[in-house]
2 protein chains.
Amino acid sequence: MIKEKYTIKDIAQMAGVSKGTVDRVLHNRGKVSKIAFEKVDKVLKEIDYRPNPIARNLKRNKIYRIDALLPDPKLDPYWIPVNEGVIEAANEFASFGILVTKHFYNPNNRISFSEQSQKIVASKPDALLTAPIYRKESQALLKSCCEHHIMSAIINNLLDSMDRHLFIGQDLNQSGRVAASLMDKLIDRNDHIAIIHINREPHMKVKESGFKDYFMARPDSKLTITSKKFNSTEKKGFATDVSQFLENNPKISAFFVTNSKAHMLVEALLELNKKDAIIIGYDLLAENITFLREGKINFLIHQKPKRQAYLSVSHLAEHFLFGKPFPPQEFLPIDIITTENVHYYL
Amino acid sequence: MIKEKYTIKDIAQMAGVSKGTVDRVLHNRGKVSKIAFEKVDKVLKEIDYRPNPIARNLKRNKIYRIDALLPDPKLDPYWIPVNEGVIEAANEFASFGILVTKHFYNPNNRISFSEQSQKIVASKPDALLTAPIYRKESQALLKSCCEHHIMSAIINNLLDSMDRHLFIGQDLNQSGRVAASLMDKLIDRNDHIAIIHINREPHMKVKESGFKDYFMARPDSKLTITSKKFNSTEKKGFATDVSQFLENNPKISAFFVTNSKAHMLVEALLELNKKDAIIIGYDLLAENITFLREGKINFLIHQKPKRQAYLSVSHLAEHFLFGKPFPPQEFLPIDIITTENVHYYL
DNA sequence: GCCAAAAATGTGTTCGAACACATTAAATAA
DNA sequence: TTATTTAATGTGTTCGAACACATTTTTGGC
């Protein structure tokens with residue numbers, strides 16, 4: 001295998017035919033005689049020809065449309081970095097003819113998700129990127145995409161029965177286990193642990209399972225783990241609820257918050273004058289980082305929302321532009337964040 | 001700003017000139033009258049023209065050469081993933097006309113580094129990628145690159161007085177601090193800590209500083225931290241040395257190993273029947289992972305050698321191909337690895 | 001006002017792949 | 001055998017930027 005760049009013209013010359021014939025062989029377009037085919041095929045087998053993706057792309061000269069359907073970052077700050085990741089990738093690939101359009105839905109309103117879904121499918125983009133908060137609606141959307149031959153990519157959380165869609169995110173069960181193993185290093189034998197869901201979304205149950213599984217696997221474990229779901233979105237009601245919960249469970253001193261809202265719990269605990277609680281939460285929101293740096297949150301797990309979004313868009317783009325293959329599921333590492341390394345993740 | 005793709009031809013038409021004139025304006029090639037310049041300039045200011053990088057690249061049609069000068073992975077397994085990262089990126093960009101050549105040097109022999117250096121510079125590649133283990137020799141190499149207009153990228157460890165070279169790696173001082181903060185969570189008040197250098201390379205001192213700084217910053221800290229350097233490369237001599245060291249410092253129960261050789265220490269400790277020592281080390285070598293999973297290493301810090309290499313090559317490639325800018329220094333996150341999340345980093 | 005030199009502007013070709021179209025060779029029917 | 005369809009093959013153009021080259025316009029000198 002000689003290291004050189006071969007062109008169609010080269011191959012044609014080597015095989016003693018014209019570039020048109022080589023082209024027909026390469027693309028199985030027929031209208032090639034056996035003799036000609038074999039001459040070309042022989043050369044192709046010798047040289048490991050790889051078409052120049054740049055020339056190919058220039059010729060195609062197509063504008064690829066990727067539509068992103070995401071929760072409105074104004075309504076939940078968790079989605080701000082996701083939005084940034086999409087924008088970054090969009091800018092990077094804009095001059096390559098990749099056109100990214102963003103659509104926001106209200107994360108507290110399934111109807112808004114469905115409405116936007118239909119609009120997007122109707123506009124027939126080349127690919128769709130979404131965070132499937134609502135299971136049923138999301139599955140309907142993905143099915144619809146399949147039917148209309150729209151590529152689909154998913155971030156944040158996996159849906160069950162979901163093959164052949166690009167997924168980029170974390171293994172949420174394992175993420176719960178990581179949280180548990182960190183908790184394990186921090187607590188004493190007689191600590192009681194609470195798993196706190198604040199405005200629970202379905203996939204957070206998976207984190208809870210992982211967390212519990214870790215401790216269940218240890219035969220010596222006699223820990224008490226209580227799971228609690230808080231629904232209040234207003235601060236006041238939430239603080240009262242927390243107070244109530246702690247009165248009923250006075251022994252609890254360690255908390256695992258299953259989403260980005262650990263800072264809310266910290267604030268509530270501070271109001272109740274309950275200090276030195278052990279807290280593990282998710283995501284690098286400004287409030288969380290502040291508490292992490294102050295030692296009021298012990299560990300954060302980084303779900304890399306920005307990277308999820310960036311990677312999805314760039315995988316799709318590079319697939320369209322250069323035919324790059326990508327794995328159907330890409331599980332990102334579960335990053336453990338402390339005061340000391342948080343800086344490098346921002 | 002209308003969202004459309006403009007070509008030079010479009011601009012020429014809009015400005016009422018020929019594409020040649022537009023080209024001269026875009027590239028400041030002179031030979032343009034004031035009137036023509038202003039006509040073109042006006043259009044350019046209106047439309048935010050970005051040249052099609054694909055077409056540009058096709059026209060250039062140049063083969064870019066990147067030479068990588070790295071320690072032989074056969075002589076130190078730490079460099080295996082670095083090698084993999086280079087290969088992966090090389091394959092990815094091969095069809096774009098990026099030609100990556102690897103050169104290995106003996107990490108225990110500065111002469112072999114110098115010799116290879118000279119060969120590479122003499123062959124005048126477009127860029128050089130290296131891991132600068134030897135300070136003086138590396139600085140000479142980088143200077144030489146500058147003079148010959150060879151781009152240079154560096155991974156693994158930073159050299160001082162090193163501007164305008166692409167660096168991709170971790171902040172080693174901070175990495176020591178991360179190790180310390182993890183140690184802090186694991187130890188008791190009266191534990192004694194040892195910092196262990198096995199076959200020390202100069203930059204490992206930086207990790208030690210970071211580690212010590214963390215504990216110094218705490219006014220309440222009365223910890224004893226001993227630093228020890230082991231030089232033996234053979235197992236037998238090493239175990240004896242460790243034994244000796246422990247006899248002299250019987251109170252030491254926690255170890256921070258500043259490179260990928262934590263597994264050697266674990267083995268030595270096992271031979272001495274010293275169990276439940278606390279150990280924090282670096283890098284996901286197979287041996288380290290085994291001990292991590294068995295609970296004999298508490299934390300590993302992942303230096304992402306593969307990613308460092310991959311990123312360097314792809315940054316250089318994308319710079320050459322598409323004119324992508326890159327930051328002079330890119331500090332990668334300092335990943336904390338436990339039994340629970342190690343799987344996702346492999 | 002005319003010619004030569006210089007400046008300004010326009011035209012044409014290239015890169016490699018893709019595909020439309022033109023041309024030639026082989027196969028079939030009259 | 002000749003006309004005519006069909007198969008096989010070759011040629012030419014396009015994508016957008018870059019640059020070589022050709023052409024036109026302007027300027028200065030007499």
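Naming convention: chains lettered A, B, ... in sequence-line order (proteins, then strands); numbering from 1 in each chain. Please read all numbers here as calculations on a predicted model, not as lab measurements.
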Q.
Quick check for you: among dT9(D), dG16(D), dG10(C), whose closest atom lies nearest to any side-chain atom of N61(A)?
A. dG16(D)
Q: Indicate yes or no for a side-chain donor-acceptor contact from H27(B) to the backbone of R29(B) under 3.5 Å, with no hydrogens or angles considered.
A: no
Q. Nearest to the side chain of T21(A), which nucleotide is it out of dT9(D), dG16(D), dG16(C)?
A. dT9(D)
Q.
Check the phosphate of dA18(C) against R56(A), side-chain N and O only, distance under 4.0 Å to OP1 or OP2. Yes or no?
A. yes
**Q.** Under-3.5 Å donor-acceptor pair between K19(A) side chain and dG12(D) base
**A.** yes
Q) Could you give the CZ-to-C1' distance, from F96(B) to dA17(C), as a whole number of Å? A) 14 Å
Q | dG10(D) phosphate, OP1 or OP2, under 4.0 Å from S18(A) side-chain N/O | A | yes
(Q) Using OP1 and OP2 only, check whether a side-chain N or O of Y49(B) sits under 4.0 Å from dG16(D). (A) no
**Q.** side-chain contact (heavy atoms from CB on, under 4.5 Å) partner of Q329(A), the single match among L166(A), I168(A), D171(A), L158(A)
**A.** L158(A)
(Q) Below the 4.0 Å mark, does dC15(D) have OP1 or OP2 next to a side-chain nitrogen or oxygen of R60(A)? (A) no
Q. N52(A) near the nucleic acid: base, sugar-phosphate alone, or nothing, with a heavy-atom cut-off under 4.0 Å?
A. sugar-phosphate
(Q) As a test of reading the structure: which of dT14(C), dA18(C), dG16(C) is closest to the side chain of D23(A), going by heavy atoms? (A) dA18(C)
Q | I54(B) CD1 - dG16(D) P separation (whole Å) | A | 11 Å
Q | S33(A) side-chain proximity, nearest of dA17(D), dA17(C), dT9(D) | A | dT9(D)
Q | Nearest-angstrom distance from the residue atom CZ of R29(B) to P of dA17(D) | A | 13 Å
Q.
Please determine whether a side-chain nitrogen or oxygen atom of N57(A) lies at a distance below 4.0 Å from atom OP1 or OP2 of dC15(D).
A. no
Q | Between dA18(C) (P) and I11(A) (CD1): distance, integer Å | A | 11 Å
Q.
When you measure from the side-chain N and O atoms of H27(A) to the phosphate of dC19(C), is any distance below 4.0 Å, counting only OP1 and OP2?
A. no
Q) Is D126(B) salt-bridged to K62(B), cutoff N-O under 4.0 Å? A) yes
Q: Return the value, rounded to whole Å, for the distance between atom CD of Q13(B) and atom P of dG10(C).
A: 13 Å
Q | For S117(A) against L69(A), the heavy-atom pair lying closest together | A | OG-CD2, 3.7 Å
Q: Provide, to the nearest angstrom, the distance between the CG atom belonging to L58(B) and the C1' atom belonging to dT13(C).
A: 13 Å
Q: May I ask you to say whether D41(B) pairs ionically with K45(B), meaning some side-chain N is under 4.0 Å from a carboxylate O?
A: yes
Q. Which of the following nucleotides, dG10(C), dA17(D), dA8(D), is nearest to the side chain of A55(B)?
A. dA17(D)
Q: Take atom CZ of R24(A) and atom P of dA7(D), then tell me their distance rounded to the nearest Å.
A: 13 Å
